[in-house]
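Nothing fancy with the numbering, it's 1 onward along the sequence.
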Amino acid sequence: MKLFLLLGSLNGFLFVALGAFGAHALKERLEENGYVETFQTGVQYHMIHALALIGVAILTKYLSTTGLVHGAGWAFLVGIVLFSGSLYVLSLTGIRVLGAITPFGGVAFLTGWVLLFVAAWME
């Protein structure tokens with residue numbers, strides 16, 4: 001429980017910091033290269049899945065299917081790194097090939113949600 005609470009809290013901090021940084025310090029750069037929406041999408045999914053990590057931390061206490069719940073937490077973390085991380089780097093560097101990584105993060109997010117569904121179903 002503690003690990004996913006720490007990871008969720010850390011990622012909560014990061015999405016707020018990155019969102020503010022993108023909206024203020026990077027605003028001109030992102031606007032001139034046309035990546036404002038891309039960066040914002042990364043922040044939005046980062047936010048949702050930071051909260052999902054905190055939810056995983058709570059659910060490990062209440063569900064007996066903790067292996068599935070832990071798997072969901074790791075999938076969410078991988079999704080944050082691959083999906084949001086690739087969008088952040090793409091927005092800042094313009095390296096379009098990084099867009100090929102983003103769908104793998106999306107699959108990790110989907111996997112996490114499926115694992116939570118199965119954990120609840122089996123409960």
Hey, quick one: are [X] and [Y] part of the same hydrophobic cluster, counting side-chain heavy atoms closer than 4.5 Å, chains of contacts allowed?
X: Phe13; Y: Phe15; answer: no
X: Ile95; Y: Leu82; answer: yes
X: Leu63; Y: Leu3; answer: yes
X: Val56; Y: Leu7; answer: yes
X: Tyr45; Y: Leu87; answer: yes

In Å, rounded to the nearest 0.5 Å, how long is the span from [atom1] of [X] to [atom2] of [Y]?
X: Leu68; Y: Met122; atom1: CG; atom2: CE; value: 6.0 Å
X: Leu59; Y: Glu123; atom1: CG; atom2: CD; value: 9.5 Å
X: Thr65; Y: His70; atom1: OG1; atom2: NE2; value: 10.0 Å

Of the non-hydrogen atoms in [X] and [Y], which two are nearest, and what is the gap between them?
X: Ala108; Y: Val78; result: CB-CG1, 4.0 Å
X: Leu90; Y: Arg96; result: CD1-CA, 3.6 Å
X: Ser84; Y: His46; result: OG-N, 3.4 Å
X: Pro103; Y: Gly99; result: CD-O, 3.2 Å

Listing, residues 111-118 side-chain donor-acceptor contacts under 3.5 Å, not counting sequence neighbours, or none:
unit_1 : atom_1 : unit_2 : atom_2 : d
Thr111 : OG1    : Val107 : O      : 2.8
Trp113 : NE1    : His49  : NE2    : 3.0

Can you list, pair by pair, the side-chain donor-acceptor contacts under 3.5 Å of residues 28-40, counting residues two or more places apart and other chains?
unit_1 : atom_1 : unit_2 : atom_2 : d
Arg29  : NH2    : Leu92  : O      : 2.5
Asn33  : OD1    : Tyr35  : N      : 3.2
Asn33  : ND2    : Ser91  : O      : 3.0

Heavy atoms, side chains only, cut-off 4.5 Å: are [X] and [Y] in contact?
X: Phe76; Y: Phe4; value: no
X: Leu53; Y: Ile80; value: yes
X: Leu77; Y: Asn11; value: yes

| task | Please determine which of Tyr88, Phe104, Phe109 meets the ring pair (Phe, Tyr, Trp, His ring centres under 6.0 Å) test together with Phe83. | result | Phe109

